[in-house]
There are 2 protein chains.
Amino acid sequence: METAQLSRKDQIDQTATALFRTRGFAATSMRELAAALGMEAGSIYSHIRSKEELLHRICFRLAEEFFAGFDQASADDALPAAPRLRRAVESHVRVLTTDVAASAVFLHEWRHLSEPARTEFLALRERYEAGFRELIAEGAAAGELYAPDPAFAALTLLASLNWLPSWYRPGGSFTPPDIAHRLANQLLFGLEVRGN
Amino acid sequence: METAQLSRKDQIDQTATALFRTRGFAATSMRELAAALGMEAGSIYSHIRSKEELLHRICFRLAEEFFAGFDQASADDALPAAPRLRRAVESHVRVLTTDVAASAVFLHEWRHLSEPARTEFLALRERYEAGFRELIAEGAAAGELYAPDPAFAALTLLASLNWLPSWYRPGGSFTPPDIAHRLANQLLFGLEVRGN
DNA sequence: TACTAATCCTAACGTTCGTTAGCAAAGAAA
DNA sequence: TTTCTTTGCTAACGAACGTTAGGATTAGTA
């Protein structure tokens, strides 16, 4: 394992992410974080302003990555909605698997953000979900997708994807692209065998 | 709203469930819980032994309900696997929607259980997931379901269902049976329109 | 009437929390 | 050589934490 030349601040972010993921934000103490970094609790404040700043940075950085991936995946206007949806799903899975710990924090710990960051975060998440919703609605309107309620379909779809960090372990039997492919298939084709 | 004749202990359980759900177990203080009940923090200990006992009761009660529902839904040996899976999905959704707050705690706060309860809980959850896995495998073996990897399919399926407590609000535009039906359809048939 | 169980209070315990102040060492930049 | 930045320490702050002890009140039961 190469330590690389991460700045001390980045090391703190990284260790905090891992701890917030496994123990939760509220249950992780600064002394615990410091111990994991081999330093004293007070010393951390030479690098950050507050505990919440750590959470804030993790959550909003991930939000940016999700958006960047989605925008790139759904941009191609020449493509029908269904394949663009597939690409968006694959992008979402890529972000999730690239940074599992941060993703888990992003998904579960945002409620410990205090206002106004919390509201701001929820607005971002809603906007992201809207992207999927519109893609599905577009596909449904064009007859490519069967989705009597695009909002419902979008929620279910993202739900399946977002559970991933709770069971995915890097180095397991599935590679991230493999997972992305399987998930997209299962969600788009379903489980039931139909006569075709 | 009828208060009914809930015992004080049940009122505590109920209020604790609501608080653990919205603020998280670790971030909920006994003083906060007491205030929500209109009493002092120390008084709670006339009814319970510890804060963790509250979490323990919530988590294990829900586990029992999930098992009871699944066993009933999947028992009928005359039925093929696919419809039994559908019934199991509907049962799962019923438990989730009947007790949203407790379900959310069950799904997210179990990691704050200390040993050996934590390990015990995880074993229960694994056994529950295995039930779905076997149902899917059975259906796949019989050619009713398309699931190249039943374990993967089971994870994805439960993932879609378990996200429900994060958006479902009682009294919304969907009734619980409606949700169960739609979810089962979407998961079993998928989104993509196929030629049939 | 006396006893019991349920319910809640005040006051405090020891511990841990996030955070700050003040100081020190070390290396890079001037 | 001086200065600045980075990095870390010790010691402590006030606040909040889960929990306990001991006593009071009330309502139901014997």
Side-chain angles (χ1 to χ4, degrees), chain A residues 3-60 105 108-118, chain B residues 3-60 105 108-118:
Chain A
T3 311
Q5 59 275 53
L6 279 178
S7 76
R8 203 59 170 128
K9 190 172 177 180
D10 287 342
Q11 289 180 38
I12 293 172
D13 277 1
Q14 197 170 290
T15 308
T17 303
L19 282 175
F20 291 171
R21 186 241 187 126
T22 54
R23 320 228 328 117
F25 175 76
T28 302
S29 74
M30 294 304 282
R31 284 165 179 86
E32 212 174 333
L33 172 58
L37 286 157
M39 62 199 300
E40 296 297 319
S43 309
I44 300 183
Y45 289 85
S46 300
H47 305 272
I48 66 165
R49 265 190 296 272
S50 70
K51 185 186 176 188
E52 182 167 342
E53 185 192 297
L54 290 169
L55 180 61
H56 189 282
R57 203 167 26 243
I58 297 168
C59 288
F60 283 81
V105 173
H108 295 303
E109 305 298 329
W110 56 266
R111 14 180 211 147
H112 296 108
L113 291 169
S114 53
E115 297 296 350
R118 188 189 147 107
Chain B
T3 313
Q5 60 274 53
L6 278 178
S7 77
R8 202 62 169 127
K9 189 171 178 181
D10 287 341
Q11 288 180 39
I12 293 173
D13 277 1
Q14 198 171 290
T15 308
T17 303
L19 282 175
F20 291 171
R21 187 243 185 122
T22 53
R23 319 227 328 117
F25 174 78
T28 302
S29 75
M30 294 303 282
R31 285 165 178 85
E32 211 174 334
L33 172 57
L37 286 157
M39 63 201 296
E40 294 297 320
S43 310
I44 301 183
Y45 289 85
S46 300
H47 306 272
I48 66 164
R49 266 191 296 271
S50 69
K51 184 187 177 187
E52 181 168 342
E53 186 193 296
L54 290 169
L55 180 61
H56 188 282
R57 206 168 22 245
I58 297 169
C59 288
F60 283 81
V105 174
H108 296 304
E109 305 297 328
W110 56 265
R111 17 183 208 148
H112 296 109
L113 291 169
S114 53
E115 297 297 348
R118 188 189 148 109

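Computed from a predicted structure; not experimentally measured. First the proteins, then the strands, lettered A, B, ... as listed; each starts at 1. Because only heavy atoms are used, hydrogens play no part in the values below, and waters and symmetry mates are left out as well, while side chains stay in.
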Find out whether A:Ile44 and A:Lys51 are in side-chain contact, i.e. whether some heavy atom of one side chain is under 4.5 Å from a heavy atom of the other.
no

Report yes if the side chains of B:Arg23 and B:Leu33 come closer than 4.5 Å at any heavy-atom pair, otherwise no.
no

Would you indicate whether the side-chain heavy atoms of A:Arg57 and A:Lys9 approach each other to under 4.5 Å?
yes

So, does B:Ser29 get its side chain near the phosphate of D:dC17, meaning an N or O under 4.0 Å from OP1 or OP2?
yes

Rounded off to whole Å, could you give me the NZ-to-C1' distance for the B:Lys9 and C:dA5 pair?
15 Å

Can you tell me the distance, in whole Å, between the CD1 atom of B:Ile12 and the C1' atom of C:dA6?
12 Å

Nearest-Å distance for atom pair CG/P, residues A:Leu37 and D:dG8
9 Å

Whole-Å distance between D:dG18 C1' and B:Leu54 CG?
12 Å

Round to the nearest Å and state the distance from A:Leu33 atom CG to C:dT19 atom C1'.
14 Å

Going by an N to O cut-off under 4.0 Å, is there a salt bridge joining B:Arg21 and B:Glu109?
no

Given DNA chain C, 5'-ward residue of the pair A:Glu32 and B:Met39, judged by closest heavy atom:
B:Met39

Out of C:dT10, D:dC9, D:dC17, whichever nucleotide has its closest atom nearest the side chain of B:Arg31:
D:dC17

Here the distance between atom P of D:dT10 and atom CD1 of A:Ile44, to the nearest Å, is 14 Å

Phosphate OP1/OP2 of D:dT20 contacted by B:Tyr45 side-chain N/O (<4.0 Å)
no

OP1 or OP2 of D:dC9 versus the side-chain N and O atoms of A:Ser43: is any pair under 4.0 Å?
yes

I'd like to know if the side chain of A:Glu32 reaches the main chain of A:Thr28, judged simply by a donor and an acceptor atom lying under 3.5 Å from each other, with no hydrogens or angles considered.
no

What integer distance in Å separates B:Gln11:CD from C:dA6:P?
15 Å

At under 4.0 Å, does any side-chain N or O of A:Arg8 touch on OP1 or OP2 of D:dG8?
yes

How many Å lie between CE on B:Met30 and P on C:dA12, as a whole number?
21 Å

If you write DNA chain C from 5' to 3' in dot-bracket form, with Watson-Crick or G-U pairs under 3.5 Å, [ ] for crossing pairs and | for pairs with another strand, what do you get?
||||||||||||||||||||||||||||||

Could you check whether any side-chain heavy atom of B:Leu54 comes within less than 4.5 Å of a side-chain heavy atom of B:Thr17, counting everything from C-beta outward?
no

Contact check, side chains of B:Arg111 and A:Thr22, non-hydrogen atoms, under 4.5 Å
no

On the nucleotide C:dA6, are OP1 or OP2 found under 4.0 Å from the side-chain N or O atoms that B:His47 carries?
no

